[in-house]
Peer 1: 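Following this message is one structure expressed as structure tokens.
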Number of protein chains: 2
Amino acid sequence: MVETRDKILDSAEHLIQSRGFSAISYRDISDEVGIRKASIHYYFPTKNDLAVAVVERYRDVLAKLMAQSYDAHGSDALSMLDDYFGVYLSFQDQPERICLCGALAGDYPVLASDTQMSVDEFFLDHENWLKMVLETGESSGQFKLSGSAGEIASWILVSLQGALIVGRATNSPQKIIEVQSLLRRSLTAPSAIGGDIQDAVA
Amino acid sequence: MVETRDKILDSAEHLIQSRGFSAISYRDISDEVGIRKASIHYYFPTKNDLAVAVVERYRDVLAKLMAQSYDAHGSDALSMLDDYFGVYLSFQDQPERICLCGALAGDYPVLASDTQMSVDEFFLDHENWLKMVLETGESSGQFKLSGSAGEIASWILVSLQGALIVGRATNSPQKIIEVQSLLRRSLTAPSAIGGDIQDAVA
DNA sequence: GTCTATACAAAGATAGAC
DNA sequence: GTCTATCTTTGTATAGAC
């Protein structure tokens with residue numbers, strides 16, 4: 001049986017992803033869950049309490065996914081990268097939604113400080129994990145890095161977050177696939193293959 | 001002398017950039033401009049009217065910048081690209097702000113349809129201009145494209161927008177410089193220079 | 001063109017019955 | 001735990017005087 005608390009979190013999560021934190025209300029959530037506004041306050045006294053809980057749960061889900069990916073193929077950086085891309089690919093059949101923390105980052109200055117901290121840590125989690133993946137791939141020879149692992153990790157993150165946000169506004173969900181393809185290429189192709197070598201040397 | 005209408009637009013613009021569209025009110029603007037709420041309604045009857053006007057002005061400013069860049073060095077793609085990067089670099093000394101249309105894209109589903117259209121067109125303007133720059137650079141040999149010009153134009157746009165949004169949330173304004181450096185490298189370096197060639201051939 | 005005044009709806013939040 | 005009822009503030013928007 002699904003707890004009321006979880007239903008509230010589910011509703012809040014997707015409403016924030018779809019409309020943004022400032023634009024949603026206790027009324028929106030109570031309509032969806034089928035309870036009264038006051039009942040939400042029982043679980044989450046303030047809107048900020050709700051925000052923190054939603055982000056923490058979201059962080060955990062993603063952290064588990066990343067940990068599982070590492071367990072499954074911790075020495076295969078390309079597979080881990082593809083697992084990470086898969087998270088963003090899953091937004092394709094929910095074109096109204098973007099990453100929860102991407103959405104909250106849009107409202108960042110109006111969030112309470114503990115919500116800000118959670119969002120911040122979400123991004124750092126991902127950057128650190130991606131950095132590990134890139135270093136693994138560089139060691140194994142799968143990747144050829146054109147900059148520091150940390151910088152490229154950050155680039156991957158912002159590219160994908162940006163693709164979700166801009167892609168939603170331009171009705172182009174394929175942006176995510178395109179970005180993934182280009183990122184993959186720039187990491188795996190040391191370029192200058194075949195006919196290009198002459199140009200590179202010249 | 002600065003018109004009241006322009007003061008309102010100035011205030012609305014930076015408030016949206018800083019806090020997001022849903023989070024700002026006529027009161028916020030009236031406080032800043034020093035007039036009454038009702039006076040804002042004289043110029044912009046509805047909040048949506050205000051949003052459209054702010055976006056249209058912003059679009060025009062950027063379109064003029066891009067046109068000027070083309071006039072100044074229409075055959076030097078690298079200079080045009082650096083001009084474009086300069087727009088995003090200018091956010092470094094205003095760390096609370098992001099691109100107006102990046103901010104509005106975060107609220108996209110709750111915007112009225114004509115505001116949505118303007119935001120959409122803003123992004124298309126930039127993609128098209130970047131595509132032209134990339135094609136120019138490819139023709140002249142300045143750039144070596146690892147995908148279609150359109151795809152890479154989109155990638156540049158989403159990378160920079162993402163860098164602004166995530167960079168604000170992680171207090172890392174240097175993300176913008178890092179992304180620019182990596183983008184520039186991936187466009188200008190056919191990689192495999194010097195010692196790397198052996199690896200590429202192997 | 002800017003103001004005061006106000007209408008009306010919606011917001012977050014709390015008290016207290018059940 | 002969930003409800004009804006209510007408080008208080010804030011929001012968008014309008015009417016009409018000056």
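Letters go in sequence order (proteins before strands), and every chain restarts at 1.
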Peer 1: Taking CZ from A/Arg27 and C1' from D/dT10, how many angstroms apart are they, rounded to a whole number?
Peer 2: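 Rounded to whole Å, this separation is 15 Å.
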
Peer 1: Regarding B/Glu135 and B/Lys131, does a basic nitrogen lie under 4.0 Å from an acidic carboxylate oxygen?
Peer 2: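 Looking at B/Glu135 and B/Lys131, the cut-off is met.
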
Peer 1: Starting at atom OH of B/Tyr26, determine the distance to atom P of C/dC3, rounded to an integer number of angstrom.
Peer 2: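 Taking atom P of C/dC3 as the reference, OH of B/Tyr26 is at 15 Å.
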
Peer 1: So if I take every side-chain heavy atom of B/Lys47 and compare against D/dT2, D/dA13, C/dT2, which nucleotide ends up nearest?
Peer 2: D/dA13

Peer 1: So, B/Ser11 side chain and B/Ile8 main chain: donor-acceptor pair closer than 3.5 Å or not?
Peer 2: no

Peer 1: Any ion pair linking B/Glu56 and B/Arg59 (charged N to carboxylate O, less than 4.0 Å)?
Peer 2: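 Salt bridge between B/Arg59 and B/Glu56, a charged N being under 4.0 Å from a carboxylate O: yes.
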
Peer 1: B/Lys7 NZ to C/dT2 C1': how many Å, rounded?
Peer 2: 13 Å

Peer 1: Where the side chain of B/Ala38 is defined as all heavy atoms beyond and including C-beta, which of C/dA13, D/dT2, C/dA5 is the nearest nucleotide?
Peer 2: C/dA5

Peer 1: Rounded to the nearest angstrom, tell me the gap between atom CD1 in A/Ile40 and atom P in D/dC3.
Peer 2: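 Taking atom P of D/dC3 as the reference, CD1 of A/Ile40 is at 10 Å.
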
Peer 1: Report the distance from atom NE2 of B/His41 to atom P of C/dT4, rounded to the nearest whole Å.
Peer 2: 15 Å

Peer 1: Under 4.0 Å, counting only non-hydrogen atoms across every strand here, what does A/Ser39 touch: a base, just sugar-phosphate, or nothing?
Peer 2: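 A/Ser39: base contact, heavy atoms under 4.0 Å.
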
Peer 1: Please state how far atom OH in A/Tyr43 lies from atom P in C/dG12, giving the value in whole angstrom units.
Peer 2: 19 Å

Peer 1: Just say parallel, tilted or perpendicular for the rings of B/His126 and B/Tyr84, cut-offs at 30° and 60°.
Peer 2: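 Ring orientation, 0 to 90° scale: perpendicular.
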
Peer 1: Are B/Arg57 and B/Asp10 close enough for a salt bridge, meaning some N to O gap below 4.0 Å?
Peer 2: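 A salt bridge links B/Arg57 with B/Asp10.
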
Peer 1: Report yes if a side-chain nitrogen or oxygen of B/Thr4 is closer than 4.0 Å to either non-bridging phosphate oxygen (OP1 or OP2) of C/dT2; otherwise report no.
Peer 2: yes

Peer 1: Given D/dA13, C/dA13, C/dG1, which nucleotide is nearest the side-chain atoms of A/Lys37?
Peer 2: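 Looking only at side-chain atoms, A/Lys37 lies closest to C/dA13.
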
Peer 1: By nearest atom, which of the nucleotides D/dT12, C/dG1, C/dC3 is closest to the B/Tyr42 side chain?
Peer 2: C/dG1

Peer 1: Can you tell me how far P of D/dG1 sits from CG of A/Asp6, to the nearest Å?
Peer 2: 13 Å

Peer 1: What is the separation between atom CZ on B/Arg36 and atom P on C/dT6, rounded to the nearest whole Å?
Peer 2: 14 Å

